[in-house]
**Q** 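One structure, pasted below without further comment.
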Amino acid sequence: MDMNEIKELYQKYVLPTYTRQDLCLVKGDGIWVEDAGGKKYLDFFPGWAVSGTGHRHPRVVRRIAEQLERILHVSNNYYNDVQPLLAKKIVEHSFQGKVFFANSGAEANEGAIKLARRYGNPDRYEIITMEKSFHGRTLATLTATGQDKVKEGFSPLPEGFKHVPFNDIDAFTDAVTDKTAAVIIEPIQGEGGINVADEMYMRDLSCACRRKDILLIVDEVQTCMGRTGEMFAYKHFGIEPDAMTLAKSLGGGLPIGALVVNKKFVDVLKAGSHASTFGGSPIVCAAALGVFEAIEEDDLLENVAEMSEYLITRLNELKEKHPVIKMVKGKGLMIGVELDIEDAAGIVGACMKEGLLINCAQKNILRIMPPITVTKKNVDAAIEKFSKVLKKI
Ligand SMILES: *Cc1c(COP(=O)(O)O)cnc(C)c1O
């Protein structure tokens with residue numbers, strides 16, 4: 001099929017909820033993807049970080065292939081022999097607690113919201129989230145999201161959500177009332193434009209939550225699985241959350257979400273209180289075990305540290321030459337390039353023509369999140385392409 005036929009089918013049969021780039025990807029291998037015409041691209045934004053260990057990572061593919069020979073789906077009224085191994089792995093890499101499996105980031109956050117609503121006194125139902133945050137597109141998670149554009153036309157929205165400025169502890173403590181049940185925060189805001197939480201802020205937030213018995217929930221849907229240099233980003237801050245939500249990179253390309261609940265709160269969601277038909281199916285859990293295996297066995301966290309330093313250095317070199325770049329920010333391989341112009345989308349399109357895939361998080365912010373398997377050679381190739389685009393501005 002050629003591009004025109006594909007686009008025609010979309011126009012006829014697929015709801016137009018997305019703004020799509022003029023690109024149809026048909027193959028992926030590591031950091032490389034290929035379009036329908038056979039052109040190759042260096043993927044520095046692999047599926048919104050879903051293919052965080054690269055496309056079709058061999059360890060992920062092997063685990064999926066092994067599971068394909070056994071069974072694809074087991075419903076949750078039975079046991080399966082993969083789900084608990086993944087839960088154990090997640091807990092061993094985070095904090096003592098238990099895991100609920102869902103299929104996406106929004107669903108993991110829905111679970112977290114239900115946990116907060118159910119915990120303690122029923123009068124306590126308010127959830128505080130951050131301005132510019134993003135937590136998903138279901139009715140509750142879009143209400144939790146601190147950006148008006150996702151809410152337009154969907155009223156009435158569920159009650160009990162309020163937003164405060166990010167990195168402002170006074171705004172948080174002022175917003176707390178007797179009704180506050182939880183706070184949900186991304187340790188690094190992704191959609192909001194790669195905004196990193198201050199270390200002191202996260203610690204103060206954690207203390208404020210402890211004092212008032214408010215659940216501290218970290219949304220690690222985008223930051224999980226080594227993206228920032230730690231398996232989970234909250235670890236940079238010396239805090240322990242009461243719950244954490246995961247998705248995107250966790251499944252190495254397959255859809256999975258997870259709500260990880262600290263041991264203190266594992267009795268809140270009892271049998272019958274929450275469920276998901278597809279949640280924790282053995283095939284997606286096998287893929288996620290492959291992701292953990294890759295990170296552990298191939299020392300990918302070390303690679304993130306090294307490549308982060310190298311990529312940020314190279315981007316800062318470009319900044320010296322091109323005043324259109326105002327600032328390079330972020331942590332690990334979750335990087336934002338703040339521009340002096342409001343045409344990040346135009347630059348993303350120009351990079352695509354050069355064979356480099358990146359993203360724009362806000363009008364003036366480019367988002368760069370290569371697979372955590374990225375090499376120096378890949379970085380050099382990407383910088384060369386990006387530099388060509390910058391020269392034309
Ligand atoms: C992508 C994202 C979500 C939503 O995940 P879906 O899988 O699209 O539902 C939630 N929170 C954060 C921080 C995200 O980046």
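Whatever order the structure lists ligands and atoms in, that order sets their numbers, starting from 1. Residues take their numbers from the sequence shown, with the count starting at 1.
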**Q** Give the atom numbers and elements of ligand 1 that come within less than 4.0 Å of a heavy atom of Ser104.
**A** 7 (O), 9 (O)
**Q** Below 4.0 angstrom, N of the basic side chain to O of the carboxylate: do Arg59 and Asp298 qualify?
**A** yes
**Q** For ligand 1, which atoms have a heavy atom of Asn109 less than 4.0 angstrom away?
**A** 10 (C), 11 (N)
**Q** Can you report which non-hydrogen protein atom sits closest to atom 7 (O) of ligand 1, along with the distance?
**A**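 Result for atom 7 (O) of ligand 1: Gly105 N, 2.8 Å.
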**Q** For Glu309, I'd like to know if atom CD has over 12 heavy atoms of other residues, nucleotides or ligands within 6.0 Å.
**A**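 Result for CD/Glu309: open.
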**Q** Mind checking whether Glu107 has an N or O less than 3.5 Å away from an N or O of ligand 1?
**A** no
**Q** Heavy-atom pairs closer than 4.0 Å: do any link ligand 1 to the side chain of Arg137, the backbone, both, or neither?
**A** neither
**Q** Does Glu186 approach ligand 1 within less than 4.0 angstrom via side chain, backbone, both or neither, non-hydrogen atoms only?
**A**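 It is the side chain that touches ligand 1; the backbone stays farther off.
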**Q** For atom 12 (C) of ligand 1, what's the nearest protein heavy atom and its distance?
**A**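 Checking every protein heavy atom, the shortest distance to atom 12 (C) of ligand 1 gives Phe134 O, 3.4 Å.
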**Q** May I ask you to identify the nearest protein heavy atom to atom 11 (N) of ligand 1, giving residue, atom name and distance to one decimal place in Å?
**A**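 For atom 11 (N) of ligand 1, the nearest protein heavy atom is Asp219 OD2, 2.8 Å.
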**Q** Starting from atom 14 (C) of ligand 1, which protein heavy atom do you reach first, and at what distance in Å?
**A**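 Nearest neighbour among protein heavy atoms for atom 14 (C) of ligand 1, to 0.1 Å: Lys248 NZ, 2.9 Å.
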**Q** A quick test of your reading: do over 12 heavy atoms of other residues, nucleotides or ligands sit less than 6.0 Å from CG of Asp178?
**A** no
**Q** Do the charged groups of Arg63 and Glu66 touch, with an N to O distance under 4.0 Å?
**A** no
**Q** Do the side chains of Arg314 and Asp380 get close enough for a salt bridge, i.e. N-O under 4.0 angstrom?
**A**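 Between Asp380 and Arg314 there is a salt bridge, with a charged N closer than 4.0 Å to a carboxylate O.
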**Q** Can you see whether Ser133 engages Glu186 through a side-chain donor-acceptor pair at a distance of less than 3.5 angstrom?
**A**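 Judged by distance alone, the side chains do not pair up.
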**Q** Would you call Asp242 and Lys264 a salt bridge, taking side-chain N to carboxylate O under 4.0 Å as the test?
**A** yes
**Q** Find all atoms of ligand 1 within a distance of less than 4.0 Å from any non-hydrogen atom belonging to Ala106, and give their numbers and elements.
**A** 4 (C), 5 (O), 6 (P), 9 (O)
